Amino acid sequence: MELSSSLTLSRTFSFSSSLTPIALQIQIFPKTPPPQLLPLRISAVAIDPPQEELPKNSPQRLLQELAERKRPYRRTPRTPPRNLILTRPLDNKRLANRLLNSPQLSLKSFPLLSSCLPFTQLNHGDMAWIEQHLLEVKQALGYPLEPSHTLGDDNNPARELDTLLYLAFQHESTQRSKVRHVRYGHSRLFFLGQYVLELAFAEFFLQRYPRESPASIRERVFGLIGKRNMPKWIKASSLHNLVFPYDDMDKLVRKEREATVKSVFWALFGAIYLCFGMPEVYRVLFEVFGMDPDAEECQPKLRRQLEDIDHVSAEFEGKISWQDMVAYKPPADALFAHPRLFRACVPPGMHRFRGNIWDYDCKPQIMRVLGYPLKMTDRIPEITKARNIELDLGLQLCFLHPSKYKFDHPRFCYERLEYLGQKIQDLVMAERLLMKHLDAPGSWLQNKHRRFLMNKFCGRYLRYKNLHHFIIYSEEVQDAYQRSYRLKYPVNTAVQQALHGLSYAVYGKRDVRRLMFEVFDFEQIQPEPI
């Protein structure tokens, strides 16, 4: 229905009414130059009445609601976080200045130490913390109070002690940890320190208890440096006020207290190891923190022990103390890099296996793959001959499965060498990753370290060289492993780690690097990320 009318208006307007189902549409035409007024045309259009709302229990209404719910929800796009927004690359001049001024490139003679330094110079906030708290740290640890850059010449790694001690105390809860170079520096020291402590206690307890199994030694280590006991050592050295400057450590939740103390504890020993080496680690552990290896809380559980009828070297008749570990220096004409450690892992009774079938059949093939014996310059030819004989016995011990002789001779198996090799390969891989990735945080390095040294991957490296065929089993275990070959995989891993322990005791850490990265090629055979 349409209605028309003619009105005389001098202004333009429009209106609509909601009272009736009829909507009015008014069209007003502008005024023309002549004074004559134009007629106004009004149109009205009829609209159908709105549908009545369906009842709540109506099936049609339920179907409509279900159809609306099935529609895909369109999420509003979010802006990416700042760490994913690409920044402009540095120009050549700024990049050169950053590299030349980086403390990580200032020490050419100490690549591991320089890789743990911050990648930029310390700012005023860092220096303020050092001036306020570092004297207290040095006094508690027993170091001279003078600035570390005055200690010795440029070839002395202790010159960087102040910087590393500062980074060791900047855990995640501190204000300075929000700065990137401080946070990364602390996490890298934390990553290194855990393996330093594991190797230090492994060497100490292997020599202190030459007849114990690795299971008992692990319990002793956990009783001393388990995360539940670390707050006790921090408080005994009066360093808890620096770790928790605003809180009472005893009133904190155990989860928060233990995680923070563990971070500082590991990073602290990473810094000490870089500046002074392993002897200083033993001094701080047993003199500053007051650890007692004979305390009740670090004693192993009572278990049935196999009777050990084989004798040990005369130097192990009395218990080795931490002072002996610090003062011990092998003689110039020693057979091995770590002679006392070798004698603690390879029992003297192994000489009874000289000249057996394995010695003539399998040993030459293994030595050809591993590149043994290494060329050594000895003053006396008899020293070279004696070293090669002991190396042969150590290799046979590395491939000796516990099922063969352990129940009669508990130390005639690879267990103690495996325990030592596991700790030294962890430290060597950690040092390698730190020197290779200068700008990576400790958590990223930890993940990569775990991927390289997983147990199943370590056994794979041994199988790639076809050395798993030379392992010596008992007849019963050999038949069982033939039916299920996967049972051999943990054994392959143990033999791989025992070879690293033997190479460390005979030739030192440099030969462990050669085996890991040249012979077995740990870095090239990379597993898929898990």
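No experiment lies behind these values; they were computed from the predicted model shown. Worth knowing before you read on, the calculation uses all heavy atoms, side chains too, and leaves out hydrogens, waters and symmetry mates.
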Legend entry - Cationic N near anionic O, under 4.0 Å, Asp294 to Arg208: yes
Inset, instruction - Please confirm whether the backbone N or O of Thr260 pairs with a side-chain atom of Ser263, one donor and one acceptor, at under 3.5 Å? - result: no
Legend entry - CG-CG distance between Leu197 and Leu268, expressed to the nearest 0.5 angstrom: 9.0 Å
Legend entry - Test item: side-chain donor near acceptor, Asp126 and His181, under 3.5 Å: yes
Inset, instruction - With the side chain counted from C-beta on, respond yes when Leu112 and Leu274 share a heavy-atom pair under 4.5 Å apart, and no when they do not. - result: yes
Legend entry - Pair Tyr143 and Phe276, ring centroids less than 6.0 Å apart: yes
Inset, instruction - Identify whether the distance between the nearest side-chain nitrogen and carboxylate oxygen of Glu172 and Arg183 falls below 4.0 Å. - result: no
Inset, instruction - Could you tell me whether Phe191 and His449 have their ring centroids closer than 6.0 angstrom? - result: yes
Inset, instruction - Could you tell me whether Arg513 and Glu518 make a salt bridge, using a distance below 4.0 angstrom between a side-chain N and a carboxylate O? - result: no
Legend entry - Under-4.0 Å salt bridge between Lys235 and Asp250: yes
Legend entry - Pairing of Glu219 and Lys301 as salt bridge, 4.0 angstrom limit: no
Inset, instruction - Specify the closest pair of heavy atoms between Thr493 and Gly459, including all atoms of both residues, with the distance to one decimal. - result: OG1-N, 3.4 Å
Legend entry - Ionic contact status for Arg416 with Glu212, cut-off 4.0 Å: no
Inset, instruction - Please find out if less than 6.0 Å separates the ring center of Phe204 from that of Phe286. - result: yes
Legend entry - Greater than 12 external heavy atoms within 6.0 Å of Arg228's CZ: no
Inset, instruction - State the CG-NE2 distance between Leu252 and His240, to the nearest 0.5 angstrom. - result: 11.5 Å
Inset, instruction - Could you tell me whether His133 and Tyr166 have their ring centroids closer than 6.0 angstrom? - result: no
Inset, instruction - Flag the pair His186 / Thr174 as yes when at least one side-chain heavy-atom distance between them is below 4.5 Å, and no otherwise. - result: no
Legend entry - Closest non-hydrogen atom pair, Ala494 against Tyr414: CB-CE1, 3.4 Å
Inset, instruction - Please report the C-alpha distance between Phe412 and Phe407 in whole Å, then the side-chain angles of each, then the deciding distance to 0.1 Å, and finally whether the ring pair (Phe, Tyr, Trp, His ring centres under 6.0 Å) criterion is met. - result: CA-CA 9 Å; Phe412 285 3; Phe407 294 100; over 10 Å; no
Inset, instruction - Decide if the gap between the ring center of Tyr461 and the ring center of Phe522 is smaller than 6.0 angstrom. - result: yes
Legend entry - Under-4.0 Å salt bridge between Arg254 and Glu258: yes
Legend entry - Ala140 versus Ser237, closest heavy-atom pair with distance: CB-O, 3.5 Å
Inset, instruction - Examine Phe265 together with Phe269 and report whether their ring centres are nearer than 6.0 Å. - result: yes
Inset, instruction - May I ask you to check whether Gln446 and Gln194 show a side-chain donor-acceptor distance below 3.5 Å? - result: yes
Legend entry - Residues Lys138 and Asp162 bridged, charged N to O under 4.0 Å: yes
For residues 323-330, which side-chain donor-acceptor pairs fall under 3.5 Å, sequence neighbours excluded?
unit_1, atom_1, unit_2, atom_2, d
Gln323, OE1, Ser321, OG, 3.3
Asp324, OD2, Ser321, N, 3.2
Asp324, OD2, Ser321, OG, 3.2

Inset, instruction - State, to 0.1 Å, how close Leu167 and Gly185 come at their nearest heavy-atom pair, and which atoms those are. - result: CD1-CA, 4.1 Å
Legend entry - Side-chain donor/acceptor of His171 to backbone N/O of Val243, under 3.5 Å: yes
Inset, instruction - Verify, without hydrogens or angle tests, whether Thr150 (side chain) and Glu146 (backbone) share a donor-acceptor contact under 3.5 angstrom. - result: no
Legend entry - Check ion pair Lys423-Asp426 (N to O, under 4.0 angstrom): no
Inset, instruction - Determine, for Lys509 against Glu431, whether the closest basic-nitrogen to carboxylate-oxygen distance falls under 4.0 angstrom. - result: yes
Legend entry - Donor on one side chain, acceptor on other, Gln207 and Arg340, under 3.5 Å: yes
Inset, instruction - Return the minimal non-hydrogen interatomic distance between Asn229 and Gly223, and the atom names on each side. - result: ND2-O, 2.6 Å
Inset, instruction - Tell me, please, which residues at least two apart from Arg159 pass side chain to side chain contact (heavy atoms under 4.5 Å, CB included). - result: His149, Asp154, Asn156
Legend entry - Taking every non-hydrogen atom, the tightest pair across Tyr273 and Leu192: CD2-CD2, 4.4 Å
Inset, instruction - Indicate yes or no for a side-chain donor-acceptor contact from Arg387 to the backbone of Leu335 under 3.5 Å, with no hydrogens or angles considered. - result: yes
Inset, instruction - Establish, yes or no, whether a centroid distance under 6.0 Å links the rings of Tyr282 and Trp322. - result: no
Legend entry - Residues Glu280 and Arg283 bridged, charged N to O under 4.0 Å: yes
Inset, instruction - Could you tell me whether Phe222 atom CZ has more than 12 heavy atoms of other residues or ligands within 6.0 Å of it? - result: no
Legend entry - Main-chain N/O of Phe244 paired to Asp247 side chain as donor or acceptor, under 3.5 Å: no
Legend entry - Arg411 bridged to Asp310 by N-O distance under 4.0 Å: no
Inset, instruction - Examine Tyr473 together with Tyr481 and report whether their ring centres are nearer than 6.0 Å. - result: yes
Inset, instruction - Evaluate the side-chain proximity of Pro231 to Met249: yes if any heavy-atom separation is below 4.5 Å, no if none is. - result: yes
Legend entry - Donor-acceptor contact below 3.5 Å, side chain Arg188 vs main chain Ala440: yes
Inset, instruction - Please determine if Glu297 and Lys232 form a salt bridge, counting it only when a charged side-chain N lies under 4.0 Å from a carboxylate O. - result: yes
